[in-house]
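Here the structure is a predicted model, which means the values were calculated and not measured. Labels below follow one simple rule: chain letters A, B, ... track the order of the sequence lines, proteins then strands, and each chain is numbered from 1.
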Number of protein chains: 2
Amino acid sequence: MKKEVTTMKDVAKEANVSIATVSHVINNTKNISKATRMKVMSVIEKYNYKPNYSAKTLRQQSTKTAALVISSYPDSFVTEMIFAIEERAKEMGYNLLLVNTKENNEYEEKTINLLYSNLVDGILLSPTSGDIQYLHKYTMEKFPIVMINRYEDSIKNIPRVTGDNFQLGYDATTHLVKHGHKNIGFIFTYPNVSTTADRIRGYQQALKQANLPFNEELIIQGFAHADGGADAARELLEKETKVTALFIQNDLMTIGAIDAIKKLKKSIPDDIAIIGFGEFSASHIIEPPITNVVLPPETIGKIAFDTLLNKINNPDYMSHIELPHSMTIRKSCGC
Amino acid sequence: MKKEVTTMKDVAKEANVSIATVSHVINNTKNISKATRMKVMSVIEKYNYKPNYSAKTLRQQSTKTAALVISSYPDSFVTEMIFAIEERAKEMGYNLLLVNTKENNEYEEKTINLLYSNLVDGILLSPTSGDIQYLHKYTMEKFPIVMINRYEDSIKNIPRVTGDNFQLGYDATTHLVKHGHKNIGFIFTYPNVSTTADRIRGYQQALKQANLPFNEELIIQGFAHADGGADAARELLEKETKVTALFIQNDLMTIGAIDAIKKLKKSIPDDIAIIGFGEFSASHIIEPPITNVVLPPETIGKIAFDTLLNKINNPDYMSHIELPHSMTIRKSCGC
DNA sequence: AAGAAAAGGTTAAACGATTAACCTTAAAGA
DNA sequence: TCTTTAAGGTTAATCGTTTAACCTTTTCTT
C-alpha cells in the first residue's frame, strides 16, 4: 500500500530551491527572504504538503507522543482522567496513545515493551495488580515512566501522582464511625494494588482510633461493575457480620450495591449507610443521593502529564505527589 | 534529550554479523542458521534491544497506528465504543491515538491535518457539528478516513458505520404514541449532526403515521450533561406545550431531566413518560428505571475499525453500514 | 573604502531500520 | 562428476527529514 505523497523533495523541486530551504521555511529555523518563503509556501499549499512524521521523529529522536496505559475498566473517574490527560497532552503539543491492559499483566509487559521502541517519548502507567517487577528494566534505562493512581513501592526512580488514599480511607471510615456504625463493610475492586491497600490502612487506622475491632470478614472484593457490587453487598449482608455501613470503592459497584440492598428490603441509610468513591452523573439523583469521597480526576491527570514531561526533559526528575480528596455529603451516609 | 539507545548497528557489531542479518533474525524474513540466530538473539536480550519504530515506519511507509477522533464529551455510549475500538485495534496489531476535539471545528481540522502527516495510517472520525467540507481535500487524496456515528452526506467516498437512527427515532416515538402521548418532547444535544437529524426525521415520521401534529416547540436542544438535561426538561414543562412524554438523546441529560421533573413534583411516568438513549450503569437503578433505546457501542466500534482496515488496504473501498438498535423497556415509559 | 558581520542559500551527512541484489559455500540431481 | 539449487550471509540503496558546515552576496561599521 504505497501512498503517493508529496515529499519535501517534490516541494523543493517545484519551488526551485533546495530541500534544506524548504525545511527552514517550515520550521522557521533560518533567515529566508520573503520571496523564497512565499514561493515555497505556495507550493506547499498547492500540494497540501505535510512533513513526514516518522522521518522527522527519526531525525529528532523525539516522537512528541505519550502513551497512557490504564488497566481497569474505565469508570467515570478514570474516564474523566483520560480526557483531562488527552487535553493536557494536546496543550503541550503531544499526541496521546491509549492502551487498556484490562488487568492483564502479561499484556501490560508486552505493551510497555512495544511502546519502548521509540514509539512514544514516555508512558503514563496505571499498572495492573499483577507483578510489575519487569519495570526495573526500564527504570534502569531511564525510560520516562510515571505512575498514575497506583504505585508499587519496590520500584524506585519512578515518579508518581496519586490520591492520598490512606487519608481518604481514614476520613470515609471515620465519618461512618461518627454516625455510630461499628460494623463497616469495605468493598474493593482489585487486591494487591496500592489504592486498595492504602485505603484499607486508612480504614483500619480509623477503627483503631475509635477503639473498634477490625473484622477481616468485612473486607471483601467484588467485580468492578454493577453486578459485582450487588453480589458483594448481598454477601456482606447475608454473613453474620451485622454490617450496618458500606464503603464502596467504585461507582458502578455502588449503584449495584444500592440496588441489591433495596431488593433485600433494607433501607438506606437507616439499615445500611453507604459511602461511595468518585462523583458520577447519577450520584445526586439516585435514591438516596450518594455520599461520596472523591479525588479530582482532572487535576490528577494534568499533574501526571506535567510530571511525565518533567521526566522526559530530565531523566533524573523525581517526585511523589499525593492529591487530597474531598467529600460530598448527601443522604446515603445518614447525614 | 538524546537517549543512548542500542540500535541494530550495535547489536550487529556485538554479534559479529551484518545489520541485515539482525533484521532478518528479528523479522524472520530469511533463512538464518540456528547458531547465528541464537547469537543475535542473546545480544538482543542482553541489551534489551527494540527496533526503532520511526525508522521502521519510515522505511515501510506504514505506521500501524490509527487515530480515533471524537468530538463530544464522552457519555457511556461513547466510552464503551472507544474501548471496543482500542481492543479491536490491539487485536489487529494497531495502536490507537485518541483525540477529543470537543466540538471545536477549527481544532478538528487542525487535528486531521496533523494526523495526515503519516502519523497514522487512517482515521476513525466522529465529526463535530461544524462545517467539515475541508474533508474533501483528504478524500481526494484517498487518505483513509471512516466516519463513525455521525456522517455528512455531501462528502463522498468516505465509508461510514452508524446506527439506524431514523428507525431508532421512529420506534421510540411510536412507543410513546402507543402509550397515548400526543405531545412528545424531543431533547437533543447537537444540531446539524446526522444523528440528531435522522432521529428527528424518525420522530416526525412516527407522528405523521399516527396523524399527530408536529409542533416545533417540542424539539429543543440542551447541553450534553445532567444540568443541560434538567434545564431542557424544565423549559419544556414550563412552556404551554402540554408535554407528557420526553425522548432524550443522552444519558447524562436523562438523569438531569428526571431530577428536574421530580423537583417539579411531577411523577414519572404518570405525568411525564421518558425514553432515554443508551444503556448506562444506573439505567435500571434510577427511580423509575429508565426505558432506553440503545445502539451497540462495541459492535459499532469493532465494525468501524474493520472498515478502516479495509479502507487502508484498499483505497477504493466503500461501504455504508447501519446497525440496528434495540429497546430496553422499563418503567419510565409507562409500560 | 576596507573589513566584519549578516542574510540567504546549498551540500551532504546523519537518524535506524528494510530489502533487493549479490556472493559464497554446501547439498542435491542427473 | 558436473550442474543446479538451496542455504546463509553481506552490501548498499532507500525511506523523508534535520542541521552543521560551508559558500556567496549584501549590508554595516568606522
When you check the gap from the basic side-chain N to the acidic O, do B:Arg160 and B:Glu322 get nearer than 4.0 Å? no
Is B:Lys311 paired with B:Asp316 through a side-chain N to carboxylate O contact shorter than 4.0 Å?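 Not counted as a salt bridge, because no side-chain N and carboxylate O are separated by less than 4.0 Å.
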Using a 4.5 Å cut-off on heavy atoms from C-beta on, say whether the side chain of B:Ile312 contacts that of B:Leu308. yes
Nearest whole Å is fine: how far is [N] [atom2] from [X] [atom1]?
X        : N      : atom1 : atom2 : value
B:Lys13  : C:dG16 : NZ    : C1'   : 15 Å
A:Leu58  : D:dT14 : CG    : C1'   : 12 Å
A:Ile32  : C:dA6  : CD1   : P     : 17 Å
B:Leu119 : D:dG16 : CG    : C1'   : 14 Å
B:Asn31  : C:dA26 : CG    : C1'   : 13 Å
B:Asn52  : D:dG16 : CG    : P     : 16 Å
A:Lys9   : D:dT17 : NZ    : P     : 11 Å
A:Asn118 : C:dA17 : CG    : P     : 8 Å

Under a plain distance cut-off of 3.5 Å, with no hydrogens placed, do [Y] and [X] share a side-chain donor-acceptor pair?
X        : Y        : result
A:Thr63  : A:Asp121 : yes
A:Arg37  : A:Asn31  : no
B:Ser194 : B:Glu152 : no
B:Tyr138 : B:Asn113 : yes

Check nucleotides 18-20 of chain D against the protein and report each pair of N or O atoms closer than 3.5 Å, with its distance, or say if there are none.
{"unit_1": "D:dT18", "atom_1": "OP1", "unit_2": "A:Asn27", "atom_2": "ND2", "d": "3.3"}
{"unit_1": "D:dT18", "atom_1": "OP2", "unit_2": "A:Ser23", "atom_2": "OG", "d": "2.7"}
{"unit_1": "D:dT18", "atom_1": "OP2", "unit_2": "A:Asn27", "atom_2": "ND2", "d": "3.2"}
{"unit_1": "D:dT18", "atom_1": "O2", "unit_2": "A:Arg59", "atom_2": "NH1", "d": "2.0"}

Test of understanding: with ring-ring contact (aromatic ring centres under 6.0 Å, His included), list the residues that count as partners of A:Phe305, not counting sequence neighbours.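 ring-ring contact (aromatic ring centres under 6.0 Å, His included) check on A:Phe305 returns A:Tyr94.
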Under 4.0 Å, heavy atoms only, any strand: does [X] hit a base, just the sugar-phosphate, or nothing?
X       : answer
A:Tyr49 : sugar-phosphate
A:Lys50 : sugar-phosphate
B:Ser18 : base
A:Thr36 : sugar-phosphate

List the steps and the verdict of salt bridge (charged side-chain N to carboxylate O under 4.0 Å, His left out) for A:Arg88 and A:Asp306. CA-CA 8 Å; A:Arg88 188 62 171 178; A:Asp306 291 346; 2.9 Å; yes
Within the structure, does a side-chain N or O atom of B:Gln61 lie under 4.0 Å from either OP1 or OP2 of C:dT18?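 B:Gln61 to C:dT18 OP1/OP2: no side-chain N or O under 4.0 Å.
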How is the base pairing of DNA chain C summarised as a dot-bracket string, given the Watson-Crick and G-U wobble criteria with both distances under 3.5 Å, [ ] for crossing and | for another strand? ||||||||||||||||||||||||||||||
